[in-house]
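Notes follow the structure.
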Amino acid sequence: MIQAQKGTKDILPDESIRWQFMEDTAKKVFTLANFKEIRTPIFEATELFARGVGDSTDIVNKEMYTFEKSERSLTLRPENTAGVVRAYIEHGFSRLPQPVKLWYKGPMFRYERPQAGRQRQFHQVGVEMFGSSEPSADAEVINLAVKYLNELGLNDLYVEINSLGCPECRKKYRDSIKEVLKPYLSELCEDCNFRYEKNPLRILDCKVDSCKKIFEKDDIQKVILGDFICPDCKEHFEKVKEYLNSLNIKFSVNKLLVRGLDYYNRTVFEIKSNNLGSQNAVCGGGRYDSLVETLGGQPTPAIGWAMGMERLNSLISDIQDSRLDVFVVSENTSEAFKVAEELRSKGFSAEFDYPNRKFKKQLDKAAKSAKYALIIMDDELKSNTVTIKNLDTSEQVNVSRDDYLCKIGNF
RNA sequence: GCGGGUGUCGUCAAGUGGUUAAGACCUCGGAUUGUGGUUCCGAUAUACAUGGGUUCGAAUCCCAUCAUCCGCCCCA
């Protein structure tokens, strides 16, 4: 028996309703803010991710699905920002009126150990905005994430933001962190020692108790809470916060929020939930002002985010009534077929009993699958009427064959 | 890559060494040739993850493998 591969899943009909809801809502919310959909390929040149995502990241180092074909190294996309940037450059979008505002959805691939909220093939929906370095652009993009989540009916979430500053201020901050932690290195856990070399900023959100305790020391706290970002970056960050406040978006500043991808600068943010297990971030993003240039384009400021749709899906409560509108109950198959088609042409979902079983079986099936039963048996056929039965209330009415379509909507 | 839990019909789930492996749901049929979801009866299924081992005898004990779930790392 061949099974779906580890870390992959079938989205079955019952669940696909929720996926359609997520996708429809995305399209609606983003279109209102004049973001346009872009669809880029599932695989790209490996080099795009190596350069774009950053070769110090785990994603590039150990999680990519890479394969060779005709002497080219190709990789299944582990995220979509690099691909969208590639398309922006390739199609000369810098000559379009700026900013260029794009959104996407689709599968991503990372070779990781699956666990709650993490799969090897997973789906992201995201937005990217190119060509504006204004703080209002940051706020717009964050606002869009919050709007989308609200539209999905998710309120039990919190927004965290931080500013990493520009490369210069970040380096300063990094160096001071390294300096103050140096004496404690032998007391910190193995992972922290590894991070010390690779990504010192990440040390601070270590979950090991003994490490946390060390971070509470005064000299370390002073560095953590200290202000290392330059005046320009600081002003930018202050304005972003002002806009968010005036939009009534609740957020908290988390100085330990760092994000793992190499390309971020200035504003970074995450939206988290307490109902997700240990993978609690549902949305992550930030500003990446140097990425377009890194990938060979003109210097172009940009900001964006991505959400994990599997994580969203696990938060969305059961929403809609997925039942069929009408089940046509009749022992005359061709009449049932005809009526079902009439209903469909008016926008009602409709079905009839293919095996043409007896009345009771058909009504039974109707009750299990539909909101209304439309009964057309011998009596109805003789009198040129139909009987509409509301399967929730058991009420039914007999109406003329000619105008049942008007009746069924408001019965 | 590292650590822990779990694998019995499509789903849930009894069974902890003894010969036909319960039950429920789902599906289908009948009781009931026009009123269901909440009656009664019945039918269907290559279900003990796989491969070894221990034993007179293994779903049950041991080992390995695989799958899955949860956590670490990292990320959405």
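Per chain, numbering begins at 1; letters A, B, ... match sequence-line order.
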note = Contacts of A:Arg357 and A:Ile376 projected onto RNA chain B by closest heavy atom; the upstream (5') one is A:Arg357
query = Quick one: what's the B/S/- string for nucleotides 66-71 of chain B, heavy-atom cutoff under 4.0 Å, read 5' to 3'?
reply = -SS-SB
Under 3.5 Å: donor-acceptor pair, side chain of A:Ser176, backbone of A:Lys172 = yes
ask   = P atom, B:U65 versus B:G4: distance in rounded Å?
value = 13 Å
task = For B:A67 and B:A24, measure between their P atoms and round to the nearest Å.
result = 35 Å
query = Using a cut-off of less than 4.0 Å, is there contact between a side-chain N or O of A:Arg195 and OP1 or OP2 of B:C74?
reply = yes
inquiry  = From C-beta outward on A:Asp58, which listed nucleotide comes closest to its side chain: B:C75, B:C74, B:G34?
reply    = B:C74
Interatomic distance, A:Asn356 CG vs B:G29 P [rounded to whole Å] = 12 Å
query = Run the salt bridge (Lys or Arg N to Asp or Glu O under 4.0 Å) check on A:Asp191 and A:Arg202 step by step: do they pass?
reply = CA-CA 10 Å; A:Asp191 284 326; A:Arg202 290 210 71 90; over 6 Å; no
ask   = Hey, is the main chain of A:Gln124 close enough, under 3.5 Å, to the side chain of A:Asn80 for a donor-acceptor pair?
value = no
inquiry  = Could you tell me how far apart A:Asp191 (CG) and B:G1 (P) are, to the nearest whole angstrom?
reply    = 16 Å
key: Atom P, compared across B:G51 and B:C69: separation rounded to whole Å   = 23 Å
request  = Identify whether the distance between the nearest side-chain nitrogen and carboxylate oxygen of A:Asp392 and A:Arg323 falls below 4.0 Å.
outcome  = yes
key: salt bridge (Lys or Arg N to Asp or Glu O under 4.0 Å) assessment of A:Lys217 paired with A:Asp219   = CA-CA 6 Å; A:Lys217 291 179 190 291; A:Asp219 50 340; over 6 Å; no
key: Strand RNA chain B in bracket notation, Watson-Crick/G-U under 3.5 Å with | for pairs to another chain   = ((((((((.[[[..)..(....]]].(((((.......))))).....[[[[[..)....]]]]])))))))....
message = I need the CG-C1' distance between A:Asp379 and B:U33, as an integer number of Å.
response = 12 Å
message = Taking only the C1' atom of each, what is the distance from B:U16 to B:G52 in whole angstrom?
response = 22 Å
inquiry  = I need the NZ-P distance between A:Lys358 and B:G29, as an integer number of Å.
reply    = 9 Å
Pair A:Glu47 + A:Arg86, salt bridge at N-O below 4.0 Å = no
key: Integer angstrom distance from the C1' of B:G15 to that of B:G7   = 15 Å
request  = Determine the contact category for A:Glu112: base if any of its heavy atoms lies under 4.0 Å from a base atom, sugar-phosphate if only primed atoms, P, OP1 or OP2 are that close, otherwise nothing.
outcome  = base
ask   = Salt-bridged, A:Glu331 to A:Lys358, with N to O below 4.0 Å?
value = no
task = Could you tell me whether A:Glu37 and A:Arg39 have a side-chain N and a carboxylate O separated by less than 4.0 Å?
result = yes
query = Step by step, would you call A:Lys241 with A:Glu238 a salt bridge (Lys or Arg N to Asp or Glu O under 4.0 Å)?
reply = CA-CA 5 Å; A:Lys241 288 190 281 186; A:Glu238 290 306 318; 3.3 Å; yes
query = Rounded to the Å, how far apart are A:Ile59 CD1 and B:G1 P?
reply = 18 Å
task = Calculate the interatomic distance between A:Leu12 atom CG and B:C26 atom P; express it in whole Å.
result = 19 Å
A:Cys206 vs A:Ala306, nearer the 5' end of RNA chain B by closest nucleotide = A:Cys206
inquiry  = Applying a 4.0 Å non-hydrogen cut-off, can you work out what A:Arg110 is touching in the nucleic acid: base, sugar-phosphate, or nothing?
reply    = base
remark   = From NZ of A:Lys198 across to P of B:C74 the rounded distance in Å is 7 Å
message = Quick test of your reading of the model: are A:Glu335 and A:Arg401 salt-bridged, counting only N-O distances below 4.0 Å?
response = yes
key: P spacing across the pair B:G23 / B:C41, given as an integer number of angstrom   = 13 Å
Just the atom pairs and distances: protein N or O near nucleotides 35-44 of chain B's N or O, under 3.5 Å.
from	atom 1	to	atom 2	distance (Å)
B:U35	O2	A:Lys389	NZ	3.0
B:U35	O2	A:Gln396	OE1	3.4
B:U35	N3	A:Gln396	OE1	3.0
B:U35	N3	A:Gln396	NE2	3.4
B:U35	O4	A:Gln396	NE2	3.0
B:G36	OP1	A:Lys360	NZ	3.0
B:G36	O2'	A:Asp364	OD1	2.9
B:G36	O6	A:Ser394	OG	2.1
B:G36	N1	A:Leu391	O	2.7
B:G36	N2	A:Leu391	O	3.0
B:G37	O6	A:Ser394	OG	3.4
B:G37	N2	A:Leu391	O	3.1

Whole-Å C1' distance, B:A59 and B:A22 = 14 Å
request  = Considering only atom C1', compute the distance from B:A21 to B:U32 and round it to an integer number of Å.
outcome  = 36 Å
inquiry  = Evaluate A:Phe337 against A:Phe352 for ring pair (Phe, Tyr, Trp, His ring centres under 6.0 Å), listing each step before the verdict.
reply    = CA-CA 7 Å; A:Phe337 207 150; A:Phe352 59 94; 4.8 Å; yes
key: Donor/acceptor link under 3.5 angstrom from A:Arg202 side chain onto base of B:C75   = no
inquiry  = If we count only N and O atoms by modelled type, under 3.5 Å, do the side chains of A:Asn313 and A:Glu15 hold a donor and an acceptor together?
reply    = yes
request  = Mind calculating the distance between CZ (A:Arg118) and P (B:C74) to the nearest angstrom?
outcome  = 10 Å
ask   = Sub-3.5 Å donor-acceptor pair from the side chain of A:Glu160 to the main-chain atoms of A:Leu257, do we have one?
value = no
